J.: 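After the structure tokens below, expect a handful of questions from me.
Sequence lines set the chain letters: A, B, ... in the order given, protein chains first and strands last, and positions in each chain run from 1. The shown structure was predicted, so the numbers you read here are calculated from the model rather than taken from an experiment.
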Protein chains: 2
Amino acid sequence: MVDVKSGANPLFLTDEELRQGIELLFYAYRDFTSDPDSILRQFGFGRAHHRTIHFIGRNPGISVAELLGILRITKQSLSRVLSQLIERGFVIQRQGTRDRRQRLLHLTPEGIELEERVSAPQRARVARAYREAGGAAVEGYRKVLLGLINEQDRHGVLKSIKDE
Amino acid sequence: MVDVKSGANPLFLTDEELRQGIELLFYAYRDFTSDPDSILRQFGFGRAHHRTIHFIGRNPGISVAELLGILRITKQSLSRVLSQLIERGFVIQRQGTRDRRQRLLHLTPEGIELEERVSAPQRARVARAYREAGGAAVEGYRKVLLGLINEQDRHGVLKSIKDE
DNA sequence: GATTTTACGTCAACCATGTTGACATATATC
DNA sequence: GATATATGTCAACATGGTTGACGTAAAATC
């Protein structure tokens, strides 16, 4: 069905190998997303809240539109979790100075602390896997995952703090 | 916050690197899971149906309990999609011979065809990423993802057809 | 052989998180 | 001044998860 011997690299890819690559991603994502669940529940939050504070924390001052673009959800869906996070003091909005229609999002000190607590087991999982696999493997991990991402989004993943 | 210079491998892991590793997984999963959506919609199915036929296809004769263990969902949740897949002729159940309480799951020829159609863009995405990254990177990708998976599940990911 | 456990199914209520569509407001841009 | 953009909100609905209760058939145990 899938016959990929062509391409720049003479890599022989069987259907079995491709499906295994798919499954690895499924299992890793399954386990790594479940890590923060117990902590989130203590706050009455879910995974959507986690994703939101993660990306606000990584991109302080991100606009609502940019955040929607990363999460690939609608504003109505984001609104639910974002308004809760704002109401409970984990996120603040500041009116944009260059464009005052924008609501630029920031974590409060409490938001930063929450994000750190919630992501701690995830970071520990990644750290362990990285250490066990070694530097060369980590490089390959990054390279392949980056190649799996839609091309137009790749550059955005690599730069972390942006002021655009 | 995270200071990991210890361990067997002298890998210097910054918080930034760990968070980037987390984001790579998020983005890759986001894009790769969206590939089959348009085809699934033509059948009135969703991602849950896809996961179900994927794992039945990869493990012909899998029991309901085993499938639940892989998907990490409840039988009530599986029941919804599984009964639809059975009713519409993509999956069949056979009573177990060794244990006649079991319902062993198989894809029908139609189910196999559906799974192939639905997974085609995903396999193409993985094949392209693998080819572009090269064999050494693919090895690292596998190694790190395997390390991210809960230890007790790792061996199950590697063996594909099981007769247990 | 009777009892208990296991594998599976089903009903019902509910929850988290996504969607579409319509409409409102403030601000920027033409 | 007219139009476009960034954001917010209301409402209805879809998908796919949960818990809890209960039923049946078959296996396992006493």
J.: What is the separation between atom CG on B:L104 and atom P on D:dA26, rounded to the nearest whole Å?
T.: 14 Å

J.: Would you say a side-chain N or O of A:S79 is under 4.0 Å from OP1 or OP2 of D:dG8?
T.: no

J.: Specify the separation, in whole Å, of atom CZ of B:R47 and atom C1' of D:dA14.
T.: 14 Å

J.: Check every atom of C:dT17, C:dG9, D:dG16 against the side chain of B:R51 and return the nucleotide holding the closest atom.
T.: D:dG16

J.: Starting at NE2 of A:H49 and ending at C1' of C:dA16, how long is that distance when rounded to a whole Å?
T.: 9 Å

J.: Please check if the side chain of B:R125 supplies one atom and the backbone of A:L148 the other of a donor-acceptor pair under 3.5 Å.
T.: yes

J.: Checking the side chain of B:S63 only, and the main-chain atoms of B:L104 only, is there a donor and an acceptor separated by less than 3.5 Å?
T.: no

J.: Where the side chain of A:V64 is concerned, which of D:dT18, D:dT7, C:dG9 is the nearest nucleotide?
T.: D:dT7

J.: In terms of the nearest nucleotide of DNA chain D, which residue is placed more toward the 5' end: B:R103 or B:R72?
T.: B:R72

J.: Taking the inter-plane angle between the rings of A:F43 and A:F45 on a 0 to 90° scale, is it parallel (under 30°), tilted (30 to 60°) or perpendicular (over 60°)?
T.: parallel

J.: Quick check on D:dG16: is either OP1 or OP2 less than 4.0 Å from any side-chain nitrogen or oxygen of B:S77?
T.: no

J.: Starting at atom NZ of B:K75, determine the distance to atom C1' of D:dT19, rounded to an integer number of angstrom.
T.: 12 Å

J.: Got a donor-acceptor pair under 3.5 Å from the side chain of A:R80 to the base of C:dG18?
T.: yes

J.: Could you tell me whether B:S83 contacts a base, only the sugar-phosphate backbone, or nothing, with contacts defined as non-hydrogen atoms closer than 4.0 Å?
T.: nothing

J.: Measure distances between side-chain N and O atoms of B:Q76 and base N and O atoms of D:dG16, and say whether any donor-acceptor pair falls under 3.5 Å.
T.: no

J.: What is the separation between atom CZ on A:R41 and atom P on D:dT18, rounded to the nearest whole Å?
T.: 11 Å

J.: Within less than 4.0 Å of OP1 or OP2 of D:dT5, is there a side-chain N or O belonging to A:Q102?
T.: no

J.: Can you measure B:L68 atom CG to C:dT6 atom P for me and round it to whole angstrom units?
T.: 16 Å

J.: Are A:E17 and B:R142 close enough for a salt bridge, meaning some N to O gap below 4.0 Å?
T.: yes

J.: Rounded to whole Å, how long is the line connecting atom CD of B:Q84 with atom C1' of C:dG9?
T.: 16 Å

J.: Examine the base of D:dT7 for any acceptor or donor lying under 3.5 Å from a partner atom in the side chain of A:R101, and report the outcome as yes or no.
T.: no

J.: Please collect all salt bridge (Lys or Arg N to Asp or Glu O under 4.0 Å) contacts where either partner lies in residues 76-96 of chain B, sequence neighbours excluded, each pair once.
T.: none

J.: Take atom CG of B:D99 and atom P of C:dC8, then tell me their distance rounded to the nearest Å.
T.: 8 Å

J.: Return whichever of A:F45 or A:R100 has its heavy-atom-nearest nucleotide of DNA chain C closer to the 5' end.
T.: A:F45

